[in-house]
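Below is one structure, written out as structure tokens; the observations come after it.
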Amino acid sequence: MSDRRYSAVLLFGMPGSGKGTQGQLLGKLQGIFHLSTGAIFRSLVDDSDDGRLVSDCIRHGQLVADDLTIEIWKHWLDAHIETGDFHPEDQILLLDGIPRTVRQCELLKDHVDVLQVISLSASDTEPIIQRLRQRALIEGRADDADEAVIRNRFEVYRRETTPLLNFYSPALVHEIDPMGTPAEVLKRILEHLIPVIVTARGSAAEFGGDEITPDDAE
Ligand code: AMP
């Protein structure tokens with residue numbers, strides 16, 4: 001494992017908040033490299049002990065153990081650097097779905113400098129539960145097919161992940177309303193994210209070569 005540090009923006013989101021969609025949209029910007037632990041874990045095959053353990057957790061809406069999560073995450077990060085997908089000198093790391101517990105925050109401190117935390121959360125969860133059910137039908141996601149599992153994921157989020165917002169300085173944390181079209185939510189996020197990235201990279205010109213404004217979200 002390399003021990004270099006990476007500049008990162010954290011994307012938090014309750015289940016069904018559109019975190020995955022936003023992560024993918026943001027990951028299309030040249031100055032950002034998007035890494036989602038949910039996507040990594042879903043891509044693991046069941047033919048190893050780790051793979052079986054992870055799919056079992058996903059099926060039941062439980063979190064994967066912290067040390068295993070960080071180990072797998074770091075392994076993927078290193079692999080993306082080796083293949084040239086992620087250029088840490090030119091790109092900010094957008095971490096989607098990690099950290100999810102205080103222990104993961106502690107473990108990540110050895111690897112990343114957190115520039116900003118974007119949190120997608122709504123007070124009324126019923127419209128979000130409807131979103132999740134629709135997605136389960138379209139994508140065939142096992143963790144959203146069963147209402148008890150959905151409710152458990154909300155409970156795990158409330159208990160384990162919400163307290164993480166207090167782990168970071170309030171100046172870094174931005175609560176974003178996840179309701180609306182993906183373009184509307186993206187625009188809200190970019191209003192906070194662009195200044196951070198421009199500052200981190202020195203100028204808009206270095207941020208992938210093109211000047212980016214929130215209007216690009218539309
Ligand atoms: P997501 O797509 O981010 O909702 O993640 C789907 C599932 O993957 C979660 O319900 C967990 O079972 C697992 N998972 C994703 N990220 C983490 C993490 N950082 N720590 C533990 N489990 C995770």
Start with the C-alpha distance between Val117 and Phe167, add both sets of side-chain angles, then the distance that settles side-chain contact (heavy atoms from CB on, under 4.5 Å), and finish with yes or no.
-> CA-CA 11 Å; Val117 181; Phe167 188 90; over 6 Å; no
Salt bridge (charged side-chain N to carboxylate O under 4.0 Å, His left out) contacts in which one or both residues fall within residues 19-36, not counting sequence neighbours = Lys19-Asp96
Any donor-acceptor pair under 3.5 Å linking the side chain of Asp50 with the backbone of Leu68?
-> no
Plane angle bin for Tyr6 and Phe86 - parallel if under 30°, tilted between 30 and 60°, otherwise perpendicular = tilted
Ion pair check, Arg103 and Glu106, cut-off under 4.0 Å = no
Is the closest side-chain donor-acceptor distance between Asp85 and Thr83 under 3.5 Å?
-> yes
Would you say Gln91's side chain and His87's backbone share a donor-acceptor pair under 3.5 angstrom?
-> yes
Under 3.5 Å, sequence neighbours excluded: what are the donor-acceptor pairs made by side chains of residues 118-129?
| residue | atom | partner | partner atom | Å |
| --- | --- | --- | --- | --- |
| Ser119 | OG | Glu175 | OE1 | 3.3 |
| Ser121 | OG | Glu175 | OE1 | 3.0 |
| Asp124 | OD1 | Glu126 | N | 3.2 |

Going only through I, L, V, M, F, W and Y residues with side-chain contacts under 4.5 Å, is there a path from Leu107 to Trp76?
-> yes
Sorted by chain and residue number, the side-chain contact (heavy atoms from CB on, under 4.5 Å) partners of Gln24 (sequence neighbours excluded) come out as His34
Is Val156 linked to Ile58 within one hydrophobic cluster, defined over Ile, Leu, Val, Met, Phe, Trp and Tyr using a side-chain heavy-atom separation of less than 4.5 Å?
-> no
Are Lys187 and Glu184 within salt-bridge range, i.e. N to O under 4.0 Å?
-> no
Distance-only, no hydrogens or angles: does the Arg5 side chain make a donor-acceptor pair with backbone N or O of Asp110 under 3.5 Å?
-> yes
Output yes when Asp56 and Arg52 qualify as a salt bridge under the 4.0 Å nitrogen-oxygen rule, no when they do not.
-> no
Side-chain (Thr37) to main-chain (Gly97) donor-acceptor, under 3.5 angstrom | yes
